[in-house]
Amino acid sequence: METVTGTVERFLFQDTEKGFCVFVLKVARDTTIVVRAHASSFHPGQDMEVEGAWVMHPKFGKQFEGQICKPILPTSTLGLRRYLSSGMIKGIGKTYADKLVDYFGTTVLDVIDKTPERLSEVPGIGPKRIATIANAWSDQKEIAAIMIFLQEKGASSSFATKIYKKYGSASIAIVSENPYRLAEEVWGIGFKMADTLAQNLGFEKESTKRIKAGILFAISTASSNGHLYVELINLKKQTLELLELEDNADLQVSLKHALHELHETQKIKLVTYQEQHFITLSQYYHLEKGIAKKINALMAHPSTRSFDLDAIYTSLRFQQPDEIELNEAQQKGVMDCLQAKVSIITGGPGTGKTTLIKKLLTILDANKVSYKLAAPTGRAAKRIMESTGKFAVTIHRLLEFNLQTMGFTHNEQNALKLDYLIIDEASMIDVFLAHALLKSVPLTAHVVFIGDIDQLPSVGAGNVLQDMIASTKIPVTRLKYIFRQAQNSLIAYNAHQINQGKMPVSQAECTFKDYYFIPEEDPNQIPLHLKKILHGYLPKFGIKTDDTIVLSPMNRGIAGTQKLNLDMQQILNPQQTKEVKRLFCTFKLQDPVIQMRNNYDKNVFNGDIGTITVINDEDKNITVTFLEKEVIYDFVELDELQLAYAISIHKSQGSEFKAVIIPLFMQHFTLLQRNLIYTALTRAKKVCFIIGQYKALAMAIKNTKGNERITFLTPYLTSNLEAR
């Protein structure tokens, strides 16, 4: 291999998912070359040593194919200024970079490395900043070692910072011993990267350790699609495809041994249902089994609260003139909630779910019954609080996560103190949250689940609300009648049209028009339509752009969230110069952002939406405001965030926006389903615009396939189904 040395001038291309980039390297005063390599965590202005070979690109000509990229510490004062002000070391920005180089000259890095206490000699640098700089320098050295180690093993170094943050100084030892741990324990690192490392570390392709890792990853992949179980035959097939192994008798024996070892170590469970064998992670089995056990226990345990049911029913049938009248289904729902220990209220928009709950709360208040209202997301909790006038919180806040134990404070040993627990947007609750929630409920309490079963199921694994309804063990109130105020809305009317498999209409006998279909065959024209809607139509509705969101079926492509976010950022926040550029995105001040994973340390959760309110270049962090809560992210943590001008329809569950814009094209065909369109439409509070192809809309409404998930909560609730 050949070695070239120079200074990174600028990036030409970056792919954060693959850790691949193309950049210009200045190798002499007037000479630059183009380098393509799997490398990251460096900035323009940094000196680099690249090992590789020259290649001829058919379109772009001669380029240097880098195999290993090593950062080089600068030795000149100019290089040191540029390096220290590049953002590599937290606590040093341009101002302090100049001060430090002016004072210490070319010895500045030795001072930071060996005698950081001397930094106090520079005016304006106190103990707190010295500690920040010293810690950041130490981290950078560790990360650099990991980066070189990963590159030497043929894998991308883009996740070196994450690995170091997870394992610290033990990173290289842990990766060397079992690289497959990365796929399970480090967010953002997939099985493919872990497998690449493993094979380059000498793990055999048909080793039991590799096959076991493949089996576990295949189950995890199924869970990312909502399934909790995989049929045994399919699991073997998927594992072999994942590991790129050809099926034969010897390999089947190896698979059997791997499955046996995973079962013996209680990593997996085998469930036989209707003469078919299914495999799941032991954790998933115990979650579903635990949910079923607690629901059955709640329903069997008597309530400590009693009501004058005859008097309440009479009052429901004969409302006072100043009270909102409830129809028969709503009356039944209230009575079910008072009598049953566990009950479910389901219905679409405008069918009176909120009215029913308000009446229930009035009765509970009159009888001095203690209750709590909760929802899966902050936005959903805020909405139920606004609609009922009663305090509500997120489920996570209700259960009080404890960072020391990494678990919820409220559980079987420390149950919530209440008589009623009322959960809104229950369709969003996955098995993990449902299990934690039900564990915290005292056996004497009543639980009321409210949700719309026609929406998309939870983003997380499981199908809790649907499965509870399917069991027929729990009283269910189905609200279908659309009330007069909702009949004036095309959003509500069309939502029910879609549910019935009918095409939505743009014209109807309504008080006002709040649904528009904008025909467009070319997705490249979406930005033009966005400008018209944002600057032309929305002001007529009195809607601000920050009350508007674009919802797309998918993330990639011309009509995906990634491209739409760039379009929207250019339309709504083009003049903002305060920004931070990462390999995957440019974040600007006042950009809306969405959290992409549960982060219990920061108390923010997957799907939370906030706004960037501070970008701190010197401390290398940004501040995001979620509702009234401020959360600080170091620059290395920004891959937890994405822009939220446009988000996926799945991520929009539990949220409501005054205006919703939905691009819908045939390129989305793999995801076009009825409940997807229904969910997107019902996120709109005042107006909804669909931009796209009529054919794509028709295809989505006709498609009801793909909604079924492999879960066993229903048989667990109704039978003695057990695992082995």
Side-chain angles (χ1 to χ4, degrees), residues 298 303-305 307 312 323-324 326 330 333-334 337-338 341-347 349 352-402 408-411 414-429 433-434 436-442 444-452 465 547 595 598 600 602-610 625-631 653-658 683 685:
L298 280 167
S303 172
T304 57
R305 307 299 309 207
F307 303 92
I312 291 172
E323 293 181 320
I324 298 174
L326 273 63
Q330 291 172 307
V334 171
C337 293
L338 296 175
K341 292 292 299 304
V342 182
S343 55
I344 297 171
I345 311 295
T346 183
K353 295 191 297 293
T354 300
T355 302
L356 188 161
I357 295 304
K358 286 172 71 174
K359 187 62 181 179
L360 174 64
L361 297 180
T362 300
I363 294 170
L364 297 181
D365 286 335
N367 286 270
K368 295 182 171 53
V369 174
S370 65
Y371 59 82
K372 292 186 185 296
L373 293 168
T377 67
R379 284 175 173 264
K382 182 180 180 182
R383 194 170 71 250
I384 193 174
M385 191 157 49
E386 291 170 346
S387 61
T388 63
K390 304 294 184 179
F391 182 69
V393 295
T394 63
I395 295 173
H396 288 92
R397 184 175 173 187
L398 175 74
L399 300 181
E400 298 177 19
F401 190 80
N402 187 321
F408 290 111
T409 299
H410 291 290
N411 49 37
N414 182 28
L416 295 164
K417 292 178 173 57
L418 45 75
D419 297 314
Y420 268 76
L421 177 59
I422 301 167
I423 304 296
D424 197 18
E425 294 288 355
S427 64
M428 294 181 63
I429 301 175
L433 199 54
L437 181 69
L438 287 166
K439 280 202 305 182
S440 73
V441 178
T444 55
H446 294 242
V447 183
V448 180
F449 293 100
I450 312 162
D452 185 347
L465 185 63
D547 290 325
Q595 176 74 14
N598 289 340
Y600 292 99
K602 298 183 185 297
N603 198 30
V604 289
F605 304 97
N606 192 354
D608 285 353
I609 295 177
T625 301
F626 296 94
L627 296 177
E628 281 82 41
K629 175 177 61 180
E630 291 188 341
V631 179
Q653 290 172 264
S655 297
E656 194 174 69
F657 308 89
K658 288 185 178 179
R683 300 309 90 206
K685 191 174 182 181

> Where do Asp424 and Leu373 land on the side-chain contact (heavy atoms from CB on, under 4.5 Å) test, with the steps shown first?
Replying inline: CA-CA 8 Å; Asp424 197 18; Leu373 293 168; over 6 Å; no
Where [X] and [Y] come nearest, the two heavy atoms and their spacing:
X	Y	answer
Gln330	Gly352	NE2-O, 3.0 Å
Phe307	Ile312	CB-CD1, 3.8 Å
Phe449	Leu438	CZ-CD2, 4.3 Å
Ala392	Ile384	CB-CG2, 3.5 Å

Taking the side chain as C-beta and beyond, is there a heavy-atom pair between [X] and [Y] under 4.5 Å?
X	Y	value
Glu656	Arg683	no
His396	Leu433	yes
Ile429	Ile395	yes
Ile450	Leu356	no
Ile345	Cys337	yes

> Do Thr346 side-chain atoms and Gly451 backbone N/O form a donor-acceptor pair below 3.5 Å?
Replying inline: yes
>> Check whether Ser440 reaches the backbone of Leu399 with its side chain - one donor and one acceptor, N or O, closer than 3.5 Å.
In response: no
> Under the side-chain contact (heavy atoms from CB on, under 4.5 Å) criterion, do Asn603 and Lys629 qualify, and how do the steps go?
Replying inline: CA-CA 10 Å; Asn603 198 30; Lys629 175 177 61 180; 3.9 Å; yes
> For the atom pair CG (Leu465) and CD1 (Ile344), what is the distance rounded to the nearest 0.5 Å?
Replying inline: 5.5 Å
>> Would you compute the distance between atom CG of Leu437 and atom CZ of Phe408 and round it to the nearest 0.5 angstrom?
In response: 9.0 Å
> Who passes side-chain contact (heavy atoms from CB on, under 4.5 Å) against Asn598, sequence neighbours left out?
Replying inline: Tyr600, Phe605, Asn606
> Is there any side-chain hydrogen bond (donor to acceptor under 3.5 Å, both in side chains) pair reaching into residues 372-388, and which pairs are they, with sequence neighbours excluded?
Replying inline: Arg383-Glu425
Output a table of donor-acceptor pairs, distance under 3.5 Å, between side-chain atoms of residues 360-370 and any protein atom two or more places apart or on a different chain; print 'none' if there are none.
from   : atom 1 : to     : atom 2 : distance (Å)
Thr362 : OG1    : Lys358 : O      : 2.9
Asp365 : OD1    : Tyr371 : OH     : 2.9
Asp365 : OD2    : Tyr371 : OH     : 3.2
Asp365 : OD2    : Lys390 : NZ     : 2.9
Asn367 : ND2    : Ile363 : O      : 2.9
Ser370 : OG     : Asp419 : N      : 3.0
Ser370 : OG     : Asp419 : OD2    : 3.0

>> Looking at Lys602, I want to see if its NZ is surrounded by more than 12 non-hydrogen atoms of other residues, nucleotides or ligands under 6.0 Å.
In response: yes
